[in-house]
Each structure stands twice: as structure tokens, then as C-alpha cells.
Amino acid sequence: MPGLMDAHTHVTEGQRNWELELSYLYEDSAYRALRGLKTAQVLLNAGITTVRDVGNDANYAAVDLRKAIKQGWFTGPTILTAGKIIGPFGGQSNGASVEMGPYWRFEYIDADGPDEISKAIRQNIFYGVDLIKLVADSSRSHYTLEEIRTAVEAAHSAGLAVAVHVVESEAARNVILGGADSIEHGFFLSDEVLHLMKKKGTVLVGTDFPSEHLVAGGQDTPENAKVLGNTIVERLRRAYRIGVKMGFGTDIVVDLPNKTRADMTWDYLAVWRAAGVPAAEILKCMTTNDAELFRINKQRGAIVPGLAADIVATPVNPLDDIEAVRKINFVMKDGKIVRRP
Ligand SMILES: [Zn+2]
């Protein structure tokens with residue numbers, strides 16, 4: 001098969017729980033880059049040959065990681081990176097005390113109104129990002145249609161796609177009508193909004209969490225995790241039935257005991273199976289769909305003459321059982337064998 005892809009990673013993150021703020025307070029960019037290298041290599045070895053890293057990488061640590069791998073200093077997957085996440089004042093740090101000050105700016109750019117959004121995008125482009133990541137509804141004051149349009153215009157004119165963190169339907173409408181390329185998460189999207197995504201060609205990167213990850217990472221009580229888990233399965237089922245274009249993306253930021261990041265990535269497949277998505281469709285989401293969303297489909301994502309030789313193999317047919325990807329035992333990256341049986 002072509003090498004597999006993950007549209008929503010945070011390779012430099014790896015906490016024991018969901019208090020992401022602790023990483024801003026205790027971990028510098030160099031440490032984060034080194035963790036990113038370790039995680040990226042684990043993923044490549046498992047057959048994930050391209051990742052799209054959507055922010056939370058300290059001071060552009062994933063940009064440095066991408067450069068180091070590109071220069072051949074280390075073996076690693078192709079990395080696309082979003083740099084600092086752009087959002088309304090406060091980043092994703094709801095409820096911080098006034099005395100702490102805007103400490104989230106280690107990881108986020110506060111950008112309110114079109115002018116600040118344009119400036120934030122220029123800053124990210126200056127520091128070498130491959131895409132723009134916005135967070136639209138972490139604050140109760142969502143990004144407006146005008147703000148999304150400004151971001152999309154600025155990013156697209158520089159050749160970059162726009163990925164937007166959205167959970168609820170209300171903010172999602174602005175994101176879709178504003179022309180963003182993908183909605184990340186979208187756990188609570190209504191059928192009406194999913195139809196609108198289909199019409200506009202907005203890709204859903206559902207980050208469809210297995211509920212046991214939410215419990216084990218301390219995000220939720222078992223009861224709440226089960227409810228959210230069921231909501232995610234149902235949303236994935238509805239999106240697939242409606243025919244929304246989808247990419248495969250995980251959003252792992254917590255390391256669980258006795259599991260590698262690759263093991264955790266494959267755990268998401270149970271959710272896709274539960275939602276009734278056929279194996280061939282899941283593989284498409286993990287290869288050609290992701291490559292198109294990443295704007296690299298002329299270089300990667302299929303086994304075709306002229307494309308990079310990112311090729312993986314497994315002794316069991318993944319079309320019969322998608323779980324076969326856990327057994328990938330051959331990985332070739334850019335024509336070089338990384339792993340053989
Ligand atoms: Zn994320």
C-alpha cells in the first residue's frame with residue numbers, strides 16, 4: 001500500500017494527562033523537538049509516512065524537526081506543520097487567572113479581527129509553517145464569518161490550507177462558508193452542517209477518539225467518556241452516510257502506559273469500524289484523501305509512477321480486516337527501506 005498518513009498529530013506533545021498547559025510551563029522548545037523526533041520515528045516505523053502536525057509545538061519546534069528530517073540528519077516521516085495556533089484571545093486556556101497573564105502565547109497567537117489575523121498568519125509563514133490552524137470555538141466568542149474569510153484568503157494566497165478546530169455546529173457554519181479546507185473534531189455537528197460541508201467540499205478530520213483513551217488519559221469519567229465516545233461514533237456514521245469528504249486524523253497528546261503512539265493510532269480504527277466505514281474507505285482516508293487535503297497529492301499518497309516511493313506492506317490483507325495495519329512489517333520512505341520483516 002502507499003504509506004499511511006495522519007492529518008491531526010501533535011508529535012511534540014506527550015503528557016500523562018490532559019493538562020496541556022503544564023507543557024508550556026515545564027518544557028522548552030528543544031525538549032519538545034526531541035520528543036517530536038522520537039514520536040515521529042515511532043510513527044514512521046509503524047507505516048505512517050506523513051503526518052500533519054496541527055500546532056502545540058512550543059516555539060515552532062515541529063518546523064525545526066521537519067527541517068532536520070528534510071536535511072537527512074534523521075530518518076523520519078514527511079512532516080507538515082502549522083506552527084502556533086491562531087485564535088480569539090485566550091487560546092485554548094479557558095479559565096486562567098488574571099494574575100498569570102497571557103502565558104498561552106507560548107503556543108497560541110491571540111488574533112481578534114481581520115487585521116490581527118492577517119498579521120498572525122504572516123508571522124507563522126515567516127517562521128516556516130506549511131498550513132494554518134485556527135481554533136474557532138474554544139472561546140464563547142466564536143470567529144465570525146469575516147474573520148474566517150480573512151484567514152482563508154491570506155492563507156490560500158500563500159498556497160497554504162486552513163485547518164480549523166471546531167466542535168459545535170454554530171461556529172462550524174462560519175468556518176464552512178468562510179472557505180476553510182478542513183474542520184478538525186466536529187464532534188457535535190448536525191446533519192444540516194454535515195450536508196453543508198459536503199456541498200462546499202469541506203473535509204472532516206474527525207479525530208474520532210476511542211472512549212478508552214479519554215478515560216485512561218484522565219480527560220473524562222468512564223460514564224462521560226462513554227457518552228462522548230458514542231456521540232463520536234454516531235457523528236462519524238452520519239458523516240460517512242451523508243458523503244462528507246473525510247481525512248484520517250487522531251489528535252493524540254497524552255501517552256498511555258504500555259502503548260506506543262502507533263498502537264494508540266491504530267486504536268482509532270475500532271471507532272471507524274463501529275461507525276460502519278468499510279476498510280477500503282478508511283484506507284482512502286489515510287492515503288489519497290489526506291494527501292489531497294495536505295496539498296501533496298502530486299508528490300505522495302498513491303503508488304503511481306512519478307510519486308515518492310512511500311510504500312508499506314503487511315502480511316495480512318487490510319481490505320479483509322483493517323486491523324491488519326497493526327501488522328505492517330515493511331516500510332519504505334522516499335525509496336529507502338526503513339523497516340523490513
Ligand atoms: Zn489537536
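All ligand and atom numbering here is 1-based and tracks the order in the structure. Position 1 is the first residue of the sequence; numbering continues from there.
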Answer yes when Lys226 and Glu223 have at least one side-chain N-carboxylate O distance shorter than 4.0 Å, and no when they do not.
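Result for this pair is no, no salt bridge flagged.
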Presence of salt bridge, Lys259 and Glu212, under 4.0 angstrom
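Salt bridge: no.
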My understanding is that only one of Arg235, Lys198, Arg238 makes a salt bridge (charged side-chain N to carboxylate O under 4.0 Å, His left out) with Asp191; could you say which?
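Checked Arg235, Lys198, Arg238 against Asp191; only one passes salt bridge (charged side-chain N to carboxylate O under 4.0 Å, His left out): Arg238.
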Could you name all protein N, O or S atoms found under 2.8 Å from the Zn ion (ligand 1)?
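Protein N, O or S atoms closer than 2.8 Å to the Zn ion (ligand 1): His8 NE2, His10 NE2, Asp251 OD1.
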May I have the list of side-chain donor-acceptor pairs in residues 279-291 shorter than 3.5 Å, sequence neighbours left out?
| unit_1 | atom_1 | unit_2 | atom_2 | d |
| --- | --- | --- | --- | --- |
| Thr287 | OG1 | Leu283 | O | 2.7 |
| Asn289 | ND2 | Met246 | O | 2.8 |
| Asp290 | OD1 | Phe248 | N | 3.1 |

Above 12 or not: heavy atoms from other molecules or residues under 6.0 Å from CD of Gln92?
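Check passes, neighbour count above 12.
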Say whether Asp57 and His10, considering side chains only, have a donor N or O and an acceptor N or O under 3.5 Å apart.
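Per modelled atom types, Asp57 and His10 side chains form no pair under 3.5 Å.
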